[in-house]
Protein chains: 2
Amino acid sequence: MDTRFNEIAAVIGDPTRATILWTLMEGRAFTATELALEAETSPQNISMHLHKLVQAGLLSVESQGRHKYYRFSRKEIAYALEGMTLLLPRPDQTRQRHDEPDQPIRQCRTCYDHLAGKLGVGVTESLLKQKIISLKDQEPVLTRRGMKWFSDLGIEPRALMEQRRSFLRTCLDWSERKHHIAGSLAAALLNHMLAGDWLRRTGGSRALVVTSRGRKEFYEHFRITI
Amino acid sequence: MDTRFNEIAAVIGDPTRATILWTLMEGRAFTATELALEAETSPQNISMHLHKLVQAGLLSVESQGRHKYYRFSRKEIAYALEGMTLLLPRPDQTRQRHDEPDQPIRQCRTCYDHLAGKLGVGVTESLLKQKIISLKDQEPVLTRRGMKWFSDLGIEPRALMEQRRSFLRTCLDWSERKHHIAGSLAAALLNHMLAGDWLRRTGGSRALVVTSRGRKEFYEHFRITI
DNA sequence: ATCACAGTTCATTCGAAAATGAAGTATATC
DNA sequence: GATATACTTCATTTTCGAATGAACTGTGAT
C-alpha cells in the first residue's frame, strides 16, 4: 500500500499534471490542445503528461476524429481531488473576506443527487435567509413557510417525509467548506431545476450548466447572480 | 486556487514525504529518527522534508527533551489522505483475494465518533451476520434480536432513537472501501468499548490500540481475531 | 494530391530539488 | 566535565524527470 500511495502522490505531484486535474474539475472533457493552453505548455509535453495520467488510471481518453478528449476515468477521482483541498492551510475563519462581493457563481455540480458547489451553498444560504428552512441544533428543518414554498413549486414535502431515506440533512461541501442541503428534499429540488431547464447536465459528468432561464429563476427565487 | 492546489500537490508528490505521511496515518506521533528509519533515508534529509511539511501546514511538531514528535496538524489531513486512496486503480471486485486469510486487523481508528477502519468494517459485518442489524433498501436497521443484544450490553436503543441525531446509518470507509455503521448507536457502541477498556485512545490522535481484554471481547462478541 | 491541424514518439538537454558531507546546537547520560 | 544522542544548517553534488527539438502518424479540408 505504501508504494502504491507513493506512486499516486508522484503522479499528481507535478505542477503541470496538477493543473490538468484541476482544469478537469470543471466536469467536461477537454482536448489535449485545450489542456496545453490551460497549462501553458507545449503539445508534446502535455501529451507526455496525459499519457502518464491515463496510465495511472486517473483519466480516460476518447477519440473523436482527430481530437482526443480527456476526462476523469470515474467520478471518485473528482471527489478525491476535492477532498485534497482539506490539505490547504485552513483560512482564518474569524474575519470574512468581502473583496469580491458579487462574484458570479462558477462552481456548479451535483453531489450524488443534490446540488453542490458554490451554487448549492448559495441556494442553501438563501433558503435559510428566507426562513424556508431553519437550523435546530445544527440540523436543518423545514419551516411551515417552507412547506408552502415547496408545495407552490410542485414538490410535496409530506410525501417525501414518508420515504425511508433521510428527508433533509446537511452535507459538507469540500471545496466551499460550507454546508449545503442534502436528502430527499434537496434531491427533489434539483430534479425540479433540471426538469424546468434551469440547469442541464453536461456529458455524463457531475458538472452542470446554468441556462439563461436558470439565471433568471435563480435570481428570482434566491437572489443569486450567476 | 489553482496555484495553491499545485503547491499542495508538489508537497505530497515526493516519495519520501509521501512515505512520511503514510506512516503518520497510523495515528500516533513519530520522532524524526523513526520517520527516517521508516523512509530509509538520512537524518538530514528527513529533517529537510519534515520542515517542508510543517511549512505547508500538514504537520505539527512538539519538542520533548531532545526528541521532536511529528504528527498531523489537524485530523482533516488524515481524512484527505485517506480520500486519496480513491485515486488508486480500482481493484477488480469480481474475484476476491484470499492470500492472507486471517490477517490480524491493523487499521483501527475512529471516524468522528464511531469505530472505523478494518475493525469498524469487521464489527459491522459481524453485526449483520448475527442479525443484530439487517439491511432494508441498503439502509441498516436494528432487528428485534439486536434490540436485546444492545440492551444486554447496557446500551438502550430506545433512548438513542429519541435523540434528534441520526440513530443508525452507514459510513463509507475510505481505506477499506466498505461500509461501517455510524450514528448514535455506533457512537454508543464505541463508548462502550472505550469504557470497558477494549480499546484505548492514543495521544489525542484518531488511532486506537486494542487491549488484551479487547482482543478477548472482540473474539467473543464478533469472532474477530486481532 | 496537397496542405493544415491534432496529437504522438524519441533522443537530448536542462534544471529544480533531493540527497550527501561536514559541521554546529541542544539535550541527556555517565 | 566528557561523551553520546537527536536533530539542524548549509554548501555541494547528484539525480530524475520535465521540457524541448525534430521527425512521424493520422484525420480533415481544399
Side-chain angles (χ1 to χ4, degrees), chain A residues 2-24 28-73 203, chain B residues 2-24 28-71 73 87 203:
Chain A
D2 194 346
T3 52
R4 297 209 300 146
F5 182 80
N6 280 16
E7 282 165 32
I8 209 71
V11 169
I12 57 172
D14 173 77
T16 304
R17 285 195 291 267
T19 304
I20 292 173
L21 293 172
W22 197 253
T23 303
L24 289 172
R28 52 176 258 256
F30 281 72
T31 66
T33 313
E34 286 175 317
L35 290 168
L37 245 51
E38 201 69 37
E40 300 181 323
T41 185
S42 66
Q44 313 97 289
N45 201 27
I46 212 79
S47 179
M48 183 267 289
H49 286 300
L50 288 170
H51 180 74
K52 288 196 178 183
L53 288 166
V54 171
Q55 281 295 306
L58 299 193
L59 304 188
S60 61
V61 213
E62 202 181 326
S63 292
Q64 262 176 46
R66 55 181 171 179
H67 297 277
K68 286 204 175 178
Y69 285 91
Y70 291 87
R71 65 175 62 188
F72 293 133
S73 59
Chain B
D2 194 344
T3 52
R4 297 208 302 146
F5 182 80
N6 280 17
E7 282 165 32
I8 209 70
V11 170
I12 57 172
D14 173 77
T16 303
R17 286 193 292 267
T19 303
I20 292 172
L21 293 172
W22 195 252
T23 304
L24 290 172
R28 50 174 259 256
F30 282 72
T31 66
T33 313
E34 285 176 316
L35 291 168
L37 245 51
E38 201 69 36
E40 300 182 320
T41 185
S42 66
Q44 312 97 291
N45 200 27
I46 212 79
S47 178
M48 183 266 289
H49 285 300
L50 287 170
H51 180 74
K52 288 197 177 181
L53 287 166
V54 171
Q55 281 296 307
L58 298 193
L59 304 188
S60 62
V61 213
E62 202 181 326
S63 292
Q64 265 177 42
R66 56 182 169 180
H67 297 275
K68 286 205 172 176
Y69 285 91
Y70 291 87
R71 66 176 61 187
S73 61
L87 297 175

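Lettering follows sequence order; numbering is per chain, from 1. Predicted model only: the values in this text are computed from it and were never measured.
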So what does B:Tyr70 touch, heavy atoms closer than 4.0 Å: a base, only the sugar-phosphate, or nothing?
sugar-phosphate
From C-beta outward on B:His67, which listed nucleotide comes closest to its side chain: D:dA6, D:dA18, D:dT20?
D:dA6
Interatomic distance where CG belongs to A:Asp14 and P belongs to D:dG17 [whole Å]
11 Å
For B:Thr31 and for A:Arg17, find the nucleotide of DNA chain D with the closest heavy atom, then tell me which residue's nucleotide is more 5'.
B:Thr31
Can you tell me if A:Arg66 touches the phosphate of C:dA4, counting only side-chain N or O atoms and a distance under 4.0 Å to OP1 or OP2?
no
Residue-phosphate contact under 4.0 Å: B:His49 side-chain N/O, C:dA19 OP1/OP2
yes
I need the NE2-P distance between B:His51 and C:dA17, as an integer number of Å.
14 Å
Side-chain (A:Thr23) to main-chain (A:Thr19) donor-acceptor, under 3.5 angstrom:
yes
Just wondering, do B:Tyr70 and B:Val54 contact through their side chains at under 4.5 Å, heavy atoms?
yes
Expressed in angstrom and rounded to an integer, what is the separation of A:Gln44 atom CD from C:dT9 atom P?
12 Å
Please give, in whole Å, the distance from D:dT27 C1' to A:Glu62 CD?
17 Å
Length of the line joining A:Lys52:NZ and D:dA19:C1', which is rounded to integer Å
11 Å
Does A:Thr16 make a side-chain N or O approach to OP1 or OP2 of D:dA19 shorter than 4.0 Å?
yes
Between D:dA6 (P) and B:Leu37 (CG): distance, integer Å
11 Å
Any donor-acceptor pair under 3.5 Å linking the side chain of A:Ser73 with the backbone of A:Gly57?
yes
Among A:Leu53, A:Leu58, A:Leu50, the one residue meeting side chain to side chain contact (heavy atoms under 4.5 Å, CB included) with A:Arg17:
A:Leu53
Between B:Val61 and B:Tyr69, does the side-chain contact (heavy atoms from CB on, under 4.5 Å) criterion hold? Intermediate values first, please.
CA-CA 6 Å; B:Val61 213; B:Tyr69 285 91; over 6 Å; no
Could you state the CG-P distance from A:Asn6 to D:dG17, rounded to the nearest angstrom?
13 Å
Can you tell me how far C1' of D:dA6 sits from OH of B:Tyr69, to the nearest Å?
11 Å
Distance check: side-chain N/O of B:Lys68 vs OP1/OP2 of C:dA26, anything under 4.0 Å?
no
